[in-house]
**Student:** 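Can you keep this structure in mind? I'll have questions shortly.
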Amino acid sequence: MRIIHLLVIGALVFAAAYVYRIKMDSTERTERVLRLRAQIREQRDAIAVLHAEWAKLASPLRLQGLAERHLALKPLNANQYDSLKNLPDRPPNFARPGEADPIGAMLETIEATADAPTVTGSIPAQAVTQAPAQEEQR
């Protein structure tokens, strides 16, 4: 009978220790959540301050004052605009008619080299050249 009493008392002590550990873990996690919430609040406050500073720095009146003070700009006049018929002629085309476009030829060579399979040390060159031929046969 004493052994049963000792086993029950031991089980109660173990259960109490286990419940205490669970309580401490939950308390620790609650404190961590509160710390994280405080950090989030601080970060949001800092973001709000940065937004306010940005709004102040990017205000149109401030920018206009800085532009007037530091740039030698003049206001536009209505007579500064011109019609499209007064534009200069198109620059001459240096490619002769019937010849391939030199820039287009350069682009095609760049695309061809980019599409070519890459040969590494682990793949023999013959296997790379045979693989596209096998795919074309399918």
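Everything quoted here is computed from the prediction, not taken from an experiment. Quick note: residue numbers are just sequence positions, from 1.
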**Student:** How far apart are the closest heavy atoms of Leu57 and Leu63, and which atoms are they?
**Tutor:**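 What the structure gives for the nearest pair is O-CD2, 3.8 Å.
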**Student:** Only pairs under 3.5 Å count here: list side-chain donor-acceptor contacts from residues 36-55, not counting sequence neighbours, and write none if there are none.
**Tutor:**
none

**Student:** Tell me, please, which residues at least two apart from Arg35 pass side chain to side chain contact (heavy atoms under 4.5 Å, CB included).
**Tutor:**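 Partners of Arg35 under the side chain to side chain contact (heavy atoms under 4.5 Å, CB included) test: Glu31, Arg32.
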**Student:** Determine the minimum heavy-atom distance between Lys56 and Arg62, stating which atoms define it.
**Tutor:**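 It is O-CD, 3.4 Å.
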**Student:** Can you run down the side-chain hydrogen bond (donor to acceptor under 3.5 Å, both in side chains) pairs that involve residues 16-28, sequence neighbours left out, and say none if there aren't any?
**Tutor:**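 Sorted result for residues 16-28: empty, none.
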**Student:** Val8: which other cluster members, linking ILVMFWY side chains closer than 4.5 Å, directly or transitively?
**Tutor:**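 Direct or chained contacts put Val8 with Ile4, Leu12.
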**Student:** Hydrophobic clusters join Ile, Leu, Val, Met, Phe, Trp and Tyr when side-chain heavy atoms are under 4.5 Å apart, directly or via other members; which others share one with Leu7?
**Tutor:**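 Leu7 clusters with Ile3.
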**Student:** With a cutoff of under 4.5 Å between side-chain heavy atoms, which Ile, Leu, Val, Met, Phe, Trp and Tyr residues group with Leu84?
**Tutor:**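 Other cluster members: Leu87.
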**Student:** Please find the pair of heavy atoms, one from Met1 and one from His5, that lie closest to each other, and give the distance.
**Tutor:**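 Taking Met1 first and His5 second, the nearest heavy atoms are O-CD2, 2.7 Å.
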**Student:** Is there any side-chain hydrogen bond (donor to acceptor under 3.5 Å, both in side chains) pair reaching into residues 63-78, and which pairs are they, with sequence neighbours excluded?
**Tutor:**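 The answer is Gln64-Glu68.
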**Student:** Mind checking side chain to side chain contact (heavy atoms under 4.5 Å, CB included) for Ser83 and listing every partner two or more places apart, or none if nothing turns up?
**Tutor:**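 Partners of Ser83 under the side chain to side chain contact (heavy atoms under 4.5 Å, CB included) test: Lys85, Asn86.
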